[in-house]
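Here is the structure we will look at.
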Amino acid sequence: MDSVVTIPVRSNTRRSPSPELLALLQGRFAERFSTSKVVLLQHGTDESTYPPQPPDAVVFVRSTEEAAFVVRACARERVPVIGFGVGSSVEGHLLAVEGGVCVDFSQMNKVLAIRPGDLTATVEAGVTRGQLNAALQGCGFFFSVDPGADASIGGMVATAASGTNTVRYGTMRDNLVSLTVITAEGEIVRTASRARKSSAGYNLTQLYCGSEGTLGLITEATVRLHPHPETYAAAVVHFPSVRAAVGCVIESIQMGVPLARAELLDALTIRAVNAHSRTTLGEHPTLFLEFGGSQGQVDEQAAVVREIAGGHGGGDLQWARLPEERSRLWTPRHHAYFACLQLKAGCRSLSTDACVPLSALAQCIEETQADIAEHGLLAPVLGHVGDGNFHCLVLVDPGSAKENEAAEAFSHRLVQRALRHGGTSTGEHGVGLHKMKYLVEEHGAHGVALMRAVKKALDPHDIFNPGKVVASAEG
């Protein structure tokens with residue numbers, strides 16, 4: 001069996017702020033500065049299976065200038081700075097492995113501008129996707145990136161988030177226009193103008209997108225908006241196998257059907273959803289689909305997919321067209337994570353993801369399910385099959401070393417499998433602590449060395465979220 005990759009956590013190199021630095025921050029931010037154990041624990045805990053690793057202090061900022069003040073103060077002592085949105089990351093991104101100061105963006109939650117004529121909006125980093133879409137109600141547009149959790153826009157940029165709408169509207173990378181970023185010197189930089197395209201210099205916007213807080217602090221973002229289609233239709237359809245369900249999606253895409261969403265839930269996930277949401281779906285591999293456009297376009301798309309599904313052994317499509325019907329259909333899918341946790345009392349989920357080319361997706365999922373069965377794991381599988389991304393929720397007793405070791409071993413085999421199929425170690429969760437060791441295999445030693453050189457150039461003293469993504473030259 002493949003060996004399990006160890007996780008490089010440099011907890012023996014804690015760089016705590018001096019009493020003078022703590023006093024400076026206390027004097028500047030008053031009640032918005034905290035060293036309370038409860039607050040520190042909250043900001044040193046994410047949705048991963050890692051134990052908490054709290055920072056030394058937390059600052060709740062309300063402006064870009066305040067965030068720059070914190071960075072400049074910490075830079076003088078080379079104290080780590082870790083950004084915090086809502087804490088929904090799953091790969092250990094926000095853990096303060098070397099101590100330092102956590103910058104909480106929850107009070108930077110203003111929608112600064114909505115520009116329907118440009119199809120853009122500018123928001124502060126702490127605005128969540130739900131807050132942005134609430135602000136957009138009535139203007140005919142929406143923000144498309146939907147990772148499931150009501151994550152902050154800043155956090156979604158940092159992890160290059162995607163989700164259920166990716167198959168039609170793209171990932172965070174595709175929906176980003178420009179950023180405001182704090183550099184390691186505490187300077188404020190705007191990475192681009194609001195123009196729809198530019199050939200002026202390096203693409204700094206995309207450099208920071210997906211950097212997971214290791215290159216700078218993102219304080220504002222200008223994102224793309226999309227017009228609401230005239231009408232929507234959603235459908236649920238069961239299949240005899242995962243391969244048949246995936247085949248239906250791939251053929252639909254190849255036929256040019258502009259699917260808005262295409263989500264796969266395996267039979268175990270459906271069982272969990274039924275118990276949690278009191279639904280009565282058949283416990284088979286199931287697709288949740290959504291279409292959007294004019295009424296004629298939606299009817300045409302639905303007819304094509306109905307025929308394709310039948311050709312792959314799919315059952316009758318259960319339709320939902322009214323908004324309340326679609327919400328009732330999609331709510332169980334959005335609650336699938338919490339539903340799966342109830343399959344095993346007191347468990348935690350080692351949640352991991354992989355992404356492979358569409359042509360390899362069915363084979364990769366089948367091999368993964370065989371692996372799960374062979375090793376007796378309890379691990380529902382679900383995913384955004386329209387873009388080749390799927391998730392495994394390995395349910396373990398947090399107090400069982402044996403179960404946790406088995407889950408880590410499975411995660412390792414899953415990454416190896418995805419890479420063999422020409423895929424990536426993570427489609428949307430990000431690298432964090434958990435996937436660092438796979439970067440060399442995925443990108444090559446020279447590729448990782450180039451990433452490390454970028455990190456060294458932009459953050460020479462390794463103050464931004466140290467110990468994550470790529471180890472520093474000293475690490």
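What you see is a predicted model, and the numbers here were worked out from it, not measured in a lab. Values below: all heavy atoms of this structure, side chains included; hydrogens, waters and symmetry mates excluded.
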Which pair of non-hydrogen atoms, one from [X] and one from [Y], has the smallest distance, and what is that distance?
| X | Y | result |
| --- | --- | --- |
| Q318 | L329 | O-CD1, 4.3 Å |
| G282 | I270 | O-CG2, 3.3 Å |
| H43 | D104 | NE2-OD2, 2.6 Å |
| A262 | V249 | CB-CG1, 4.0 Å |
| G216 | V181 | CA-CG1, 4.1 Å |
| V81 | C74 | CG2-CB, 3.6 Å |

*List the steps, then state whether side chain to side chain donor-acceptor pair (under 3.5 Å) holds for D299 with Q295.*
CA-CA 6 Å; D299 290 342; Q295 188 63 61; 3.1 Å; yes
Is the [X] ring parallel, tilted or perpendicular to the [Y] ring (thresholds 30°, 60°)?
| X | Y | value |
| --- | --- | --- |
| W330 | F288 | tilted |
| H429 | H391 | tilted |
| H434 | Y50 | perpendicular |
| F291 | W319 | tilted |
| H335 | H276 | perpendicular |

*Can you list the steps and then say if S144 with N175 is a side chain to side chain contact (heavy atoms under 4.5 Å, CB included)?*
CA-CA 8 Å; S144 64; N175 289 278; 3.6 Å; yes
*Does the side chain to side chain donor-acceptor pair (under 3.5 Å) test come out yes or no for T164 and E263, once each step is laid out?*
CA-CA 7 Å; T164 60; E263 297 290 297; 5.2 Å; no
*Criterion salt bridge (Lys or Arg N to Asp or Glu O under 4.0 Å) against E290, the qualifying member of R321, R168, R326*: R326
*asked:* Looking at N203, I want to see if its CG is surrounded by more than 12 non-hydrogen atoms of other residues, nucleotides or ligands under 6.0 Å.
replied: yes
*Should we say atom CD of E325 is surrounded by more than 12 heavy atoms from elsewhere, each under 6.0 Å from it?*
yes
Give a yes or no answer on whether the side chain of [X] reaches the backbone of [Y] with a donor-acceptor pair at less than 3.5 Å.
| X | Y | result |
| --- | --- | --- |
| T166 | G163 | yes |
| K468 | L433 | no |
| N389 | H384 | no |

Gap between atom [atom2] of [Y] and atom [atom1] of [X] - 0.5 Å precision:
| X | Y | atom1 | atom2 | answer |
| --- | --- | --- | --- | --- |
| E220 | I153 | CD | CD1 | 13.0 Å |
| T269 | L393 | OG1 | CG | 7.0 Å |
| M451 | T214 | CE | OG1 | 10.5 Å |

In the structure I gave you, are the side-chain heavy atoms of [X] and [Y] within less than 4.5 Å of one another anywhere?
| X | Y | result |
| --- | --- | --- |
| R452 | V448 | yes |
| D146 | H334 | yes |
| T368 | C392 | yes |

*Given the side-chain rings of Y169 and F142, with only the six-membered ring counted for Trp, is the space between their centroids under 6.0 Å?*
yes
*Can we say E185 and R72 salt-bridge, meaning some charged N sits less than 4.0 Å from an Asp/Glu carboxylate O?*
no
*Indicate yes or no: does E124 engage R62 in a salt bridge with an N to O separation below 4.0 Å.*
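No, E124 and R62 are not salt-bridged.
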_If we count only N and O atoms by modelled type, under 3.5 Å, do the side chains of S178 and T205 hold a donor and an acceptor together?_
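Not at all, the side chains of S178 and T205 share no donor-acceptor pair under 3.5 Å.
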*Between K455 and S211, do the side chains contain an N or O donor and an N or O acceptor separated by less than 3.5 Å?*
no
